[in-house]
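Structure first, then comments.
Counting starts at 1 for both ligands and their atoms, following the listed order. Note that the coordinates shown come from a computational prediction; the quantities given were computed from them, not determined experimentally.
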Amino acid sequence: MNQKSGPRGSTHRRGTLKTAGILSAFVLASATLAACGGDDGGSGGDGEKLTFRLAETHPEDYPTTEGDQKFADLVNEASDGRIDIQVFAGGQLGEESDVIEQVQMGAIEMTRVSSAPMTEFAEGMGLFGLPYIWDDADHLWRFLEDESGQQLLGELEEAGFKGLTYFDPGARSFYSTDKVIDSVDDIEGMKFRVQESDVIISFIEALGGSPTPMDYGEVYSALQTGLIDGAENNEPSYLSASHYEVAPNYTLDEHMRVAEILVVNKDVWDGLSEEDQQILEDAAAEATTYQREQWDAQVEEDLAALEEADVTITEIDDIEPWREAAQPVIDEFGPTYQEYLDRIEELREE
Ligand code: GTR
């Protein structure tokens, strides 16, 4: 495994929120240059062309990438070709945590990213690492579209990002190389790769497992070489990253719905005219509707493909023992997110 050295290489980094402050001078300089793509400076509304890069970790035919592309196409159309957003899929611009730093600095203007690695920059995003808090996707979306979900997206601004919209993340479930996970007790002693989030690290620990934060691109070989016993993700990721080939046991405990987000460097955003900001907002809203449709279709298709590939798919009838085992995470982090958790409770449908 090629785990990074320095702070990101360590497993526990509680209380290391990154702020944009020190970087702001550099941000302004590089964002302006990048945004203008060699044009004569300034931005928006007055006919000059703007070129932005949007980083995406997934391949081109993945639902979030299709959402990104829809967003780019709609912006292009609404601006008569003046605003050109180029989607770099498949992790071409780097792994997620590096890309987030680059977007914070303005070296890359935009990215679609998971809220989990954003937790290091904006603590509020850790909410989505809390396990077993959603009844289903509709419950999540009632929250995301609610004022509270929008307020949470707004929290990104302090860290130097404009949060444009959420995309559907599906539900994350465990998968393993050898042992079939039938009950929560099976997690005991197993090593799992996790995303970069303290909340998620605590979740695996609460279940008796051993968490290893690692870049997405390293998970396949870590599973293959036995460095880890398993990982966790939604169906489209599990399939498209081919993790099912080396970890053919998938247990549908659906522990988290880690919102996907589309973000823009805050200085790039502030440099746009109001009219252009509106173009981006409208396109993001429409792209979200499109991405959600793509998502639902993809999950269905992928489950069928996984069955076809002889993956052992285990359904969990009673999630209660899992929820109970995970309770220490809610006890530890719940107070940080109390306001949001209260709203999530209110948005439950009887
Ligand atoms: C996926 C998510 C990616 C990435 C990946 C991971 O579900 O869409 O952005 O965060 O999970 O586990 O690293």
Output yes when the distance from some N or O of ligand 1 to some N or O of [X] is under 3.5 Å, and no in every other case.
| X | value |
| --- | --- |
| T57 | no |
| E232 | no |
| Y216 | no |
| Y62 | no |

Practice prompt. Could you tell me how the ring of F128 sits relative to the ring of Y166: parallel (under 30°), tilted (30 to 60°) or perpendicular (over 60°)?
Written response: perpendicular
Practice prompt. Closest by any non-hydrogen atom to atom 1 (C) of ligand 1: pick that one out of S237, P63, S197.
Written response: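 Looking at heavy atoms only, the winner is S237.
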Between [X] and [Y], ring centroids under 6.0 Å:
| X | Y | value |
| --- | --- | --- |
| Y244 | Y175 | no |
| H243 | Y250 | no |
| F167 | W295 | no |

Worksheet item: Short list, please: which atoms of ligand 1 are under 4.0 Å from a heavy atom of S114?
Response: 9 (O), 10 (O)
Worksheet item: Which heavy-atom pair separates V219 from A231 by the least distance, and what is that distance?
Response: CG1-CB, 4.0 Å
Fill in: Closest non-hydrogen atom pair between V103 and V264, with its separation
CG1-C, 4.3 Å
Worksheet item: Is there a donor in the side chain of D146 and an acceptor in the side chain of S148, or the other way round, less than 3.5 Å apart?
Response: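 The answer is yes; a qualifying pair exists.
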How far is [atom] from the closest protein heavy atom, and which atom is that?
| atom | answer |
| --- | --- |
| atom 9 (O) of ligand 1 | E96 OE2, 2.4 Å |
| atom 12 (O) of ligand 1 | R193 NH1, 2.7 Å |
| atom 7 (O) of ligand 1 | N233 OD1, 2.7 Å |

Discussion item. So is T64 touching ligand 1 or not, going by heavy atoms under 4.0 Å?
Written reply: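 No, T64 has no heavy atoms under 4.0 Å from ligand 1.
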Discussion item. Please determine whether a side-chain nitrogen of the Lys or Arg among E77 and R82 lies less than 4.0 Å from a carboxylate oxygen of the Asp or Glu.
Written reply: no
Worksheet, complete the sentence: With heavy atoms and a 4.0 Å threshold, my read on which part of N234 contacts ligand 1 is side chain
